[in-house]
Amino acid sequence: MGELDLTPIAERLDRLLALIERAVPPARPPIDLEAADAFVWQATTASLQPVPKVNRVAMTLLKGVDRVRDILVDNTERFARGLPANNVLLWGARGMGKSSLVKAAHADVNHAAAASPGGHALKLIEIHREDIDSLPELMGILRKSDRRIILFCDDLSFDNDDTSYKSLKAALDGGVEGRPENVVFYATSNRRHLLPRDMMENERSTAINPSEAVEEKVSLSDRFGLWLGFHKCSQEDYLAMVHGYAGHFGLELPEADLDWKALEWATTRGARSGRVAWQFTLDLAGRLGVAIAE
């Protein structure tokens, strides 16, 4: 009696194992919040990507936003100490330092914590606008941590027929579990109500009760306890920004020449803002042959 050939069976088992491996997702890597002070949420892999060096501007260089700066820093400091703090919506004119202020507040509060006995650094986690649907999953992960975390979404807004704002509402306050006590949510937007006006008007025109339909949309902004408005800056504020950057980076130019060039630059851009002041500074540094680190 010849030997039984088991090769076909072994090949079938190999194919079956390969199919099982493809069907079962790999184990998620553990979340290590000690790897850095800042992270980016990767929704596709449910992981946090450490950011070794955060792209930010020093708080002292942010001009024309003194009042909102003080409010945001105070809210962040209270949160770092374990006291009640609000979600914050920073809304308004483009290029006026909304996201820069969030990152600067995080850095300043962490610097103070490092100098204080027993102080703990806040973690900053950025979630991209297109990943808002995964916010409840991220909240569930962060709820298990003993670290205090600023969850940050830059340029948050919603387009027509976009229903992902409901995930944000539930994650912030409306769900059964609500927002974790160790997490606060900061967002920037050009819109105070986060939704386009025509979307709200369409809801009003097609709803049985128009006022209730619009209230449903506006209630998203109500989840933010603090609304910090950023408005177009005056010429005085714009020049203060330019002088702040020039002094910080050692760009030597007579004051009258600096003002004239800065105003000409703003005129060609059709706007005055912190972003325009920064872009002018980069151009000026290049012309003067001065290397600066962004």
Side-chain angles (χ1 to χ4, degrees), residues 14-56 79 87-91 94 98-100 102-103 105-107 110 121-191 194-196 199 217 220-221 223-224 294:
D14 288 341
R15 288 198 297 270
L16 179 59
L17 288 173
L19 289 172
I20 293 174
E21 288 176 355
R22 287 201 296 268
V24 178
R28 294 175 180 173
I31 299 295
D32 182 14
L33 287 175
E34 304 308 315
D37 280 344
F39 302 83
V40 176
W41 167 244
Q42 303 293 331
T44 54
T45 58
S47 61
L48 294 175
Q49 176 185 341
V51 180
K53 183 179 180 181
V54 178
N55 177 27
R56 58 173 140 230
F79 176 66
N87 299 318
V88 184
L89 174 63
L90 301 89
W91 69 276
R94 297 187 301 271
K98 297 185 292 293
S99 60
S100 295
V102 171
K103 291 180 284 187
H106 171 250
N110 275 2
L122 291 175
K123 302 299 179 177
L124 179 68
I125 299 178
E126 180 174 11
I127 179 171
H128 297 307
R129 158 65 190 88
E130 58 270 20
D131 295 329
I132 286 296
D133 276 339
S134 68
L135 185 58
E137 180 181 10
L138 176 57
M139 290 286 201
I141 293 173
L142 300 182
R143 189 184 300 274
K144 303 171 186 177
S145 173
D146 59 354
R147 303 307 296 267
R148 300 188 74 76
I149 300 156
I150 299 173
L151 193 51
F152 172 51
C153 185
D154 191 22
D155 197 19
L156 178 64
S157 62
F158 299 91
D159 298 323
N160 292 321
D161 302 322
D162 187 347
T163 60
S164 61
Y165 72 91
K166 295 181 180 180
S167 296
L168 176 58
K169 285 176 60 176
L172 292 183
D173 278 329
V176 173
E177 292 184 300
R179 172 170 60 91
E181 292 184 359
N182 64 318
V183 176
V184 70
F185 191 85
Y186 288 2
T188 70
S189 178
N190 295 330
R191 303 169 181 160
L194 302 176
L195 301 163
M199 181 178 180
K217 306 297 180 181
L220 172 58
S221 296
R223 296 299 197 272
F224 295 88
E294 295 189 30

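Nothing here was measured: the structure is a model prediction, and the numbers come from that model.
- Under the 4.5 Å side-chain criterion, counting only non-hydrogen atoms from C-beta, D37 is in contact with K123.
- Side-chain contact between N110 and L124 is absent, with no heavy atoms from C-beta onward closer than 4.5 Å.
- Between L168 and R223, every side-chain heavy-atom pair lies at or beyond the 4.5 Å cut-off.
- Taking the side chain as every heavy atom from C-beta outward, L142 and W41 never approach each other to under 4.5 Å.
- What you find for A46 and E137 is that their closest heavy atoms are CB-OE2, 3.5 Å.
- The side chain to side chain donor-acceptor pair (under 3.5 Å) search around D131 returns none, not counting sequence neighbours.
- The side-chain heavy atoms of I125 and V183, taken from C-beta on, include no pair separated by under 4.5 Å.
- Atom OG of residue S145 and atom CD of residue E34 lie 7.5 Å apart, to the nearest 0.5 angstrom.
- By the side chain to side chain donor-acceptor pair (under 3.5 Å) test, S99 pairs with no residue at all, sequence neighbours left out.
- What you find for N87 and R179 is that their closest heavy atoms are OD1-NE, 3.1 Å.
- Residues forming a side chain to side chain contact (heavy atoms under 4.5 Å, CB included) with D155 (at least two apart in sequence, or on another chain): N190.
- Across every non-hydrogen atom of H128 and C153, the tightest pair is C-SG, 4.3 Å.
- Distance check, rounded to the nearest 0.5 Å: OH of Y186 to CG of D154 gives 15.0 Å.
- Take E181 and apply the salt bridge (charged side-chain N to carboxylate O under 4.0 Å, His left out) test, not counting sequence neighbours, and it matches no residue.
- Here the side chains of I149 and L33 are in contact, with some heavy-atom distance below 4.5 Å.
- One distance of note links CG of L138 with CD1 of I132; it measures 9.5 Å at 0.5 Å rounding.
- Looking at every heavy atom in both residues, V102 comes nearest to F152 through CG1-CD1, 3.8 Å.
- Annotation: salt bridge (charged side-chain N to carboxylate O under 4.0 Å, His left out) contacts of R94 (sequence neighbours excluded): none.
- In this structure, K103 contributes its side chain and N55 its backbone to a donor-acceptor pair below 3.5 Å.
- The residue from V40, L156, L151 that alone fulfils the side chain to side chain contact (heavy atoms under 4.5 Å, CB included) condition with I127 is L151.
- Under the side chain to side chain contact (heavy atoms under 4.5 Å, CB included) criterion, A107 pairs with R56, sequence neighbours left out.
- Between D146 and N182 the shortest side-chain heavy-atom distance does not fall below 4.5 Å.
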